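Inspection log for the structure reproduced underneath, given as structure tokens.
Predicted model, so just to flag it, every value in this text is computed and none were measured. Chain identifiers are assigned alphabetically (A, B, ...) following the order of the sequence lines, protein sequences preceding nucleic acid strands; residue numbering begins at 1 within each chain.
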Amino acid sequence: MGKFTYISDLKKYIGEEVEIRGWTYNKRSSGKVRFVIVRDGSGFLQCVMAKGQIDDSYFDLFDELTLETSTIVRGKVREDQRAPGGVELDLSYIKIVGPSENFPIPKVREDNIPDPGVLLPIRHLWLRTRRQWAIMRIRHTIEKAIHDFYDSLGFIRIDSPILTPAACEGTTTLFETDYFGEKAYLSQSGQLYQEATCMAHGKTYCFGPTFRAEKSKTRRHLMEFWMVEPEIAYAELPDVMENAEGLITYIVEKVLENRQEELKILERDISKLEKVKKPFPRISYTEAIELLQKKGFNIKWGDDFGGDEETALSEEFDRPVIVHRYPSRIKAFYMKRDPENPELALAMDILAPEGYGEIVGGSQREDDLEKLLERIKEFNLPQEAFEWYLDLRRYGSVPHGGYGLGLERTVAWICGLKHVRETIPFPRMLEKIYP
RNA sequence: UCCCCGGUAGCUCAACAGGUAGAGCACCUGGCUGUUAACCAGGGGGUUGGGGGUUCGAAACCCUCCCGGGGAGCCA
């Protein structure tokens, strides 16, 4: 491959001659002084050349450096106050690696961002643009923060299967596939399997894609999305809430620590993220209903929250809000009922601020065999498919709980994006699976 | 499946009340020795989503179909 330098490391090479390998991101000219913005994946760099100070054969290559032409350049690194990244490169050498004619995405201008109908079919190229670059790097940092957080607490990552024999929750529509003549489904949650693994390791989590075949066409939905699902043996509802709160604050902290440049590209209001500190407010479902009624919503106890209600609730707080103890009949069969009020489930959701909606859903699980059997009957679920799950209550059952955090909604919130489709490299949307 | 909004140049959008389809960006030509979404001058580029209708005249009004968007339901 040979030796070359990444733009992100250039501050270490001020005054030195370096080689950069990348792509032409933009260019400007003032006649005898020409500017080429090169990106190399690690960052963006303005390269400068003046007529007479570089060989004419290189100077003239400027015309061929159309958008996204891949190029190798060499030059001396110079500190410069005028440069956004603090450094520029005085060019002495240019080589075109691969030409690029009529790149389909126009030069970055805020008043000229093509709409998703245009960009989604060229997602493979869209990913090269600055905003998308920033989003993917923040996504990476969030994923890393998730792993680091659990690892630091002694969790073991054990991934759940993606091909499953039956519905985990039996409610949402699943993608069906043929498994050697048997029906199998793409997983909509790894949770049930985590309940098994946490009984082996105490604290586990899985992190992978999940699939919902719902005909959802909104800014908050994808057919394929990533979810992290921790499960903790001997945990009760307050422990679950505390762990989720810790995860979210850790994620925000790491993004603020490592992704300032990217947040700036996205024009994210950092002050909103800086407020995300422990403790998060905790309100009961019943309190939330009262609050919404006071705000004029036509909602009664027993109803689930819609998008507008979630937004209204989150607007009451400057950080994520934990809503707990929902009516058990609007929650999943495996959630333990509140011993103080059997109409309630020991469940909790976390709503992100600024109207980003539910990013976490979790609960303490039903650990009593008889009660769980009743629930399976109530929900008309096939008991034989859950025998293995019931075994967890037959052999040393303990209180336990966990939650799922939706990666894409979290990325959308932290990046301040309107739509989750920009938070995943290749979004799978309703009737859209290309590229 | 239902409700709402939209479809005009490659992209983003104008075109008032029905009267000759326009701007910015992209692209091409020329100019400029410090540009940062560079700028200045010029140029090419259109079956106004398709079909039908009303009218002297339709991008605009009506009907219909197609496509796109985001909201409901469900959820992360």
Side-chain angles (χ1 to χ4, degrees), chain A residues 25-37 44-54 59 63 66-68 78 80-85 88 90 101-122 126 129-130 168-174 188-191 209-229 244 303-311 330-332 349-352 356-362 403-413 418-421 423-424 429-432:
Chain A
Y25 187 70
N26 197 358
K27 59 177 182 175
R28 293 179 277 270
S29 168
S30 179
K32 304 278 192 316
V33 183
R34 295 176 168 178
F35 306 90
V36 183
I37 315 296
F44 297 80
L45 173 70
Q46 175 157 282
C47 304
V48 190
M49 56 180 170
K51 179 93 173 167
Q53 287 166 23
I54 185 174
F59 191 78
D63 293 334
T66 49
L67 292 186
E68 288 305 315
R78 178 170 38 75
D80 196 312
Q81 292 294 324
R82 293 167 293 191
E88 289 191 345
D90 289 320
E101 278 175 45
N102 300 317
F103 189 68
I105 301 171
K107 230 189 255 193
V108 180
R109 281 182 74 109
E110 293 198 5
D111 57 0
N112 193 30
I113 297 169
D115 72 45
V118 174
L119 292 170
L120 283 169
I122 48 172
W126 187 19
T129 65
R130 188 143 63 164
C168 286
E169 303 182 17
T171 51
T172 44
T173 320
L174 300 174
Q188 63 171 340
S189 165
Q191 180 211 312
T210 68
F211 307 87
R212 306 272 165 96
E214 285 293 330
K215 301 251 181 203
S216 297
K217 210 169 81 169
T218 83
R219 71 179 82 172
R220 301 187 307 280
H221 290 90
L222 293 167
M223 304 299 112
E224 176 183 308
F225 64 97
W226 284 62
M227 192 154 66
V228 57
E229 294 175 283
D303 293 343
D304 210 346
F305 306 127
D308 290 346
E309 282 95 7
E310 282 183 357
T311 302
I330 60 171
K331 287 292 180 182
D349 286 352
I350 301 184
L351 306 179
Y356 279 92
E358 188 184 335
I359 53 171
V360 164
Y403 58 90
L405 174 132
L407 180 65
E408 285 74 20
R409 286 188 186 176
T410 303
V411 176
W413 160 51
K418 285 196 298 240
H419 202 300
V420 290
R421 69 185 156 216
T423 66
I424 189 165
M429 298 165 66
L430 189 59
E431 287 160 7
K432 257 195 252 353

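Across the P atoms, B:G73 and B:A26 are found 43 Å apart, a figure rounded to whole Å. Annotation: B:G7 and B:G42 have their P atoms spaced 30 Å apart (nearest Å). Going from the C1' atom of B:A17 to that of B:G30 covers 44 Å, rounded to whole Å. B:G52 and B:C2 have their P atoms separated by 27 Å, with the value rounded to a whole Å. Here, B:G51 and B:A59 have their P atoms 13 Å apart, quoted to the whole Å. As rounded to the nearest Å, B:G19 and B:U55 have C1' atoms that lie 12 Å from one another. B:G44 and B:G49 have their C1' atoms separated by 24 Å, given to the nearest Å. B:A9 and B:U48 have their C1' atoms separated by 10 Å, with the value rounded to a whole Å.
For A:E229 and B:C75, the CD to C1' distance is 13 Å, given to the nearest whole Å. Taking atom CZ on A:F103 and atom P on B:C28, their separation rounds to 15 Å, with Å as the unit. At whole-Å resolution of the value, CD in A:E214 and C1' in B:U1 are 12 Å apart. Rounded to an integer number of Å, the gap from A:M429 CE to B:G70 C1' is 10 Å. The interatomic distance linking A:L430 (CG) with B:U1 (C1') rounds to 12 Å, in whole Å. Between the P atom of B:C3 and the CG atom of A:D308 lies a distance of 19 Å, rounded to the nearest Å. In this entry the distance linking CG of A:L120 with C1' of B:G70 reads 14 Å, nearest Å. Atom CZ in A:R130 sits roughly 7 Å away from atom P in B:A37 (whole-Å rounding).
At the heavy-atom level, A:G357 lies nowhere under 4.0 Å from the strands shown. Note on A:Q81: nothing from the nucleic acid sits closer than 4.0 angstrom, heavy atoms only. Residue contacts shown for A:V360 are limited to sugar-phosphate atoms, with no base heavy atom under 4.0 Å away.
Proximity note for A:Q46 (side chain, C-beta onward) versus B:G34, B:A37, B:C74: the nearest is B:G34. Looking at the side chain of A:V118, the nearest of the listed nucleotides B:C11, B:G69, B:G34 is B:C11. With B:G70, B:A76, B:G34 as the candidates, the nucleotide lying closest to the side chain of A:R212 is B:A76. Considering only the side chain of A:H221, B:C74 comes nearest among B:G69, B:A37, B:C74. In this structure, the nucleotide among B:A76, B:U33, B:U12 sitting nearest to the side chain of A:S30 is B:U33. The side chain of A:L222 sits closest to B:A76 out of B:C75, B:G34, B:A76. The side chain of A:T218 lies closest to B:G70, out of B:A76, B:G70, B:U33. For A:V33, the listed nucleotide lying nearest its side chain is B:U33; candidates were B:U33, B:U35, B:G34. If you check B:G71, B:A76, B:G34 against the side chain of A:R82, the one that comes closest is B:G34. Proximity note for A:D304 (side chain, C-beta onward) versus B:A76, B:C75, B:G70: the nearest is B:C75.
One finds a side-chain N or O of A:R220 lying less than 4.0 angstrom from the OP1 or OP2 phosphate oxygen of B:A72. When the side-chain nitrogen and oxygen atoms of A:R219 are compared with OP1 and OP2 of B:G71, one or more of them lie within a distance under 4.0 Å.
By the 5.5 angstrom centroid cut-off and the 30-degree plane limit, A:F35 is classified as not stacked against the base of B:G34.
A:R409 contributes no side-chain N or O that, together with a main-chain N or O of A:Y356, makes up a donor-acceptor pair within less than 3.5 Å. Side-chain N or O atoms of A:Q46 include none that pairs as donor or acceptor with a backbone N or O of A:I37 at under 3.5 Å. With hydrogens and angles ignored, the 3.5 Å screen pairs no side-chain donor or acceptor of A:Y403 with any backbone N or O of A:V228.
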**Request:** Start with the C-alpha distance between A:H221 and A:E408, add both sets of side-chain angles, then the distance that settles side-chain contact (heavy atoms from CB on, under 4.5 Å), and finish with yes or no.
**Result:** CA-CA 9 Å; A:H221 290 90; A:E408 285 74 20; over 6 Å; no
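One N or O donor and one acceptor, one from the side chain of A:S216 and one from the base of B:C74, sit under 3.5 Å apart. With hydrogens and angles left out, the side chain of A:R409 and the base of B:C75 share a donor-acceptor pair within 3.5 Å.
The pair A:K331-A:D304 does not count as a salt bridge, with every side-chain nitrogen at least 4.0 angstrom from each carboxylate oxygen.
As the counterpart of B:G24, B:C11 is assigned, both hydrogen-bonding distances of the Watson-Crick or G-U wobble pattern falling under 3.5 Å. Using N1 to N3 plus N6-O4 or O6-N4 for Watson-Crick, or N1-O2 and O6-N3 for G-U wobble, each under 3.5 Å, B:U1 pairs with B:A72. Across all strands shown, B:C61 pairs with B:G53; the Watson-Crick or G-U wobble distances both stay below 3.5 Å. Of all nucleotides present, none satisfies the Watson-Crick or G-U wobble test against B:A37 with each distance under 3.5 Å.
Of the N and O atoms on the side chains of A:S189 and A:E229, at least one donor lies less than 3.5 Å from an acceptor on the other residue.
Of all non-hydrogen atoms in A:E88 and A:A83, the two that sit nearest each other are CG-CB, 3.7 Å.
Mapping A:I359 and A:H419 onto RNA chain B by nearest heavy atom places A:H419 closer to the 5' end of the strand. Residue A:L67 is the one, among A:G52 and A:L67, whose nearest nucleotide of RNA chain B lies closer to the 5' end (criterion: closest heavy atom).
A cation-pi arrangement is not found for A:R212 relative to A:F225, the charged atom failing to lie both closer than 6.0 Å to the ring centre and inside a 45° cone about the ring normal.
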